[in-house]
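Computation of the quantities below employed the complete heavy-atom set of this structure, encompassing side-chain atoms and omitting hydrogens, waters and symmetry-equivalent molecules. Along the sequence shown, residues are numbered consecutively beginning with 1.
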Amino acid sequence: MHYLRSRIIEELDISHLTERLLQGKGGDSAALTPKEKLDTWERIKILSFTRTVSSLWAMTLLSLYVRVQVTILGRHLYLDFARGTDGAQLQAESDTFSRNGHKDFLATADYLATYGITALIMQMQHAATEILKEKQLKDPMTMDQVLQTMLEISDQFMSLCDDNSWINYLVPENANRYAQLMAVASSGFDDSSLVMDVRKLDQLMTETRIVLASDDFRNIMHMSLRKVADLVIEDLGTQVGATIPPSGLPLAKLLARVAQLSSALLEEPSKNKHIQTIRSMPEVDLFYTFLYANMPPQT
């Protein structure tokens, strides 16, 4: 999660834009024209919401994805043991699975932060630009309106991902290509046989994609995103304080706080209250129970 956080902050840094506004207040040559000032504010608006909704989406989906991995691996191990009749053979098969499948498959949890996050952010920025184009900086926004804006951006992002292409941000499309990337990263040589059992990895990744593309997973994904978004807005309301008028605050005054919401979303799992909330949702727990019980046997 630490690396994911650093990647999002790096790619959606707005400090240079706020510095430009501060420098542009001077009366010297650094002063901004009205158009330059407006363009800078518009950029801050887009990036602030992109940063927080990207963090919301990435944290939520990564948390759900890791548990899908664990459930699939648990089912495979159970079937391996259930089929075994000879103790020595069983141990050998189990060791082979653990060595060549388990570790490499779990390592794909880092794929989002390492390879998928840039494309995700670009798509999220397109979504934010579309949703925010009619929202003026001077217009007041309540906490409920900020929440709806975030959810609209998330929904627009998903609508831009044809044929469940959002899965490609989380799971490598091609096991052979991914194995080659990992081989180069670990040894400097483009030889995937040095790193992993590609056949086993491909099998596990294919099963994962089937789960992620299911209607049941999409349902818990939307429920989890909404639950976390509600908590995020509660935090924003606490930060703003009780002095906010019923009509809300001008959007421009909320942008810095909106951008800061990403920090709590991307805390390490042991300290992340949002991840703990997702894990404690009964609907999420029930989904994984049924997933483990109803996963089709492997041939």
Side-chain angles (χ1 to χ4, degrees), residues 5 7-22 24 32-61 116-162 165-166 169 221-222 224-237 239-240 244-266 274:
R5 178 178 181 173
R7 290 294 309 278
I8 289 177
I9 291 175
E10 175 186 351
E11 299 212 19
L12 293 168
D13 180 31
I14 62 173
S15 61
H16 64 289
L17 295 174
T18 55
E19 289 173 4
R20 187 183 185 207
L21 286 175
L22 290 173
L32 300 177
T33 66
K35 183 180 185 306
E36 290 173 334
K37 185 176 180 180
L38 178 60
D39 288 346
T40 302
W41 270 110
E42 286 293 323
R43 185 67 176 156
I44 291 173
K45 179 181 72 174
I46 299 298
L47 292 184
S48 295
F49 276 93
T50 300
R51 176 168 162 170
T52 291
V53 183
S54 294
S55 301
L56 167 67
W57 195 94
M59 181 278 297
T60 301
L61 269 292
I117 192 62
T118 298
L120 184 157
I121 286 173
M122 289 178 61
Q123 193 80 306
M124 192 69 75
Q125 191 167 323
H126 289 318
T129 300
E130 178 64 24
I131 297 301
L132 294 168
K133 65 182 180 181
E134 302 298 333
K135 300 187 185 299
Q136 304 301 314
L137 292 161
K138 65 179 183 301
D139 291 344
M141 291 189 74
T142 64
M143 296 300 99
D144 284 343
Q145 288 172 325
V146 175
L147 171 61
Q148 289 306 312
T149 299
M150 290 173 55
L151 294 175
E152 288 172 11
I153 292 171
S154 179
D155 288 344
Q156 178 69 12
F157 167 80
M158 292 299 291
S159 72
L160 294 173
C161 298
D162 297 330
S165 60
W166 58 269
Y169 303 136
M221 175 177 69
H222 285 309
S224 299
L225 286 168
R226 178 56 192 259
K227 183 68 173 180
V228 174
D230 287 339
L231 291 176
V232 166
I233 294 303
E234 287 180 12
D235 291 342
L236 178 61
Q239 293 174 22
V240 172
I244 182 171
S247 60
L249 291 173
L251 176 56
K253 290 188 175 182
L254 290 170
L255 293 179
R257 295 189 183 277
V258 168
Q260 291 169 2
L261 294 172
S262 65
S263 296
L265 284 165
L266 298 174
H274 304 298

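Side-chain contact between Leu160 and Trp166 is absent, with no heavy-atom pair separated by less than 4.5 Å. Annotation: side chain of Leu251 is not in contact with side chain of Gln136 (no heavy-atom distance under 4.5 Å). When side chains are defined from C-beta on, Ser48 counts as touching Ile14, because their heavy atoms get closer than 4.5 Å. Side-chain contact between Val258 and Lys45 is absent, with no heavy-atom pair separated by less than 4.5 Å. Using a 4.5 Å heavy-atom threshold, the side chains of Ser54 and Leu120 count as touching. Tyr169 is not listed as a side-chain neighbour of Ile117, based on a closest heavy-atom distance of 4.5 Å or more. Here the side chains of Thr149 and Val53 are not in contact, with every heavy-atom distance at 4.5 Å or above. Met221 has its side chain within reach of Met158: a pair of non-hydrogen atoms, C-beta onward, lies under 4.5 Å apart.
Between the side chains of Thr142 and Asp144, no donor N or O sits under 3.5 Å from an acceptor N or O. For the residue pair Ser55/Arg5, the side-chain donor-acceptor check at 3.5 Å is not satisfied.
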Under the side chain to side chain contact (heavy atoms under 4.5 Å, CB included) rule, what do Arg7 and Thr118 come out as? Steps first, then yes or no, please. CA-CA 8 Å; Arg7 290 294 309 278; Thr118 298; 3.0 Å; yes
Applying side chain to side chain contact (heavy atoms under 4.5 Å, CB included) to Leu255 and Trp41, what does each step give before you reach the verdict? CA-CA 9 Å; Leu255 293 179; Trp41 270 110; 4.1 Å; yes
Evaluate salt bridge (Lys or Arg N to Asp or Glu O under 4.0 Å) for Asp39 paired with Lys35, printing each intermediate quantity in order. CA-CA 6 Å; Asp39 288 346; Lys35 183 180 185 306; 2.8 Å; yes
Can you check side chain to side chain contact (heavy atoms under 4.5 Å, CB included) on Glu42 and Leu132, steps first, answer last? CA-CA 9 Å; Glu42 286 293 323; Leu132 294 168; over 6 Å; no
Checking Leu22 against Thr18 for the side chain to side chain contact (heavy atoms under 4.5 Å, CB included) test, could you report, in this order, the C-alpha distance in whole Å, the side-chain angles of both residues, the deciding distance, and whether it holds? CA-CA 6 Å; Leu22 290 173; Thr18 55; 5.5 Å; no
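With Thr52 as reference, Met150 is the one residue of Gln260, Met150, Arg257, Met124 to meet the side-chain contact (heavy atoms from CB on, under 4.5 Å) rule.
Closest of all the heavy-atom pairs between Leu265 and Leu56 is CD1-N, 3.7 Å. Pro140 approaches Gln145 most closely through the heavy-atom pair O-OE1, 3.6 Å. Taking both residues in full, the closest heavy atoms of Ile46 and Ala128 are given as CD1-O, 4.0 Å, listed atom of the first, atom of the second, then distance. Of all non-hydrogen atoms in Leu47 and Asp13, the two that sit nearest each other are CD1-O, 4.2 Å. Among all heavy-atom pairs drawn from Met143 and Ile233, the shortest one is O-CG2, 3.6 Å. When all heavy atoms of Glu11 and Ile121 are compared, the closest pair comes out as CB-CD1, 3.9 Å.
Put simply, the side chain of Ser154 never gets that close to the backbone of Leu151: no donor and acceptor are under 3.5 Å apart. Under a 3.5 Å cut-off, the side chain of Glu36 and the backbone N or O of Thr33 do form a donor-acceptor pair. Between the Ser262 side chain and the Ala259 main chain, a donor and an acceptor come within less than 3.5 Å of each other. Ser165 places a side-chain N or O within donor-acceptor distance of the main-chain N or O of Asp162, the cut-off being under 3.5 Å.
For the atom pair CG of Leu137 and NZ of Lys135, the computed distance is 12.0 Å after rounding to the nearest 0.5 Å. Between the CD1 atom of Ile131 and the CD atom of Gln156 there is a distance of 4.5 Å, given to the nearest 0.5 Å. In this structure, Arg51 CZ and Leu12 CG are separated by 7.5 Å, a value rounded to the nearest 0.5 Å. Interatomic distance, Thr40 OG1 to Leu21 CG, rounded to the nearest 0.5 Å: 5.0 Å.
Between Asp230 and Arg226 there is a salt bridge, since at least one side-chain N of the basic residue sits less than 4.0 Å from a carboxylate O of the acidic one.
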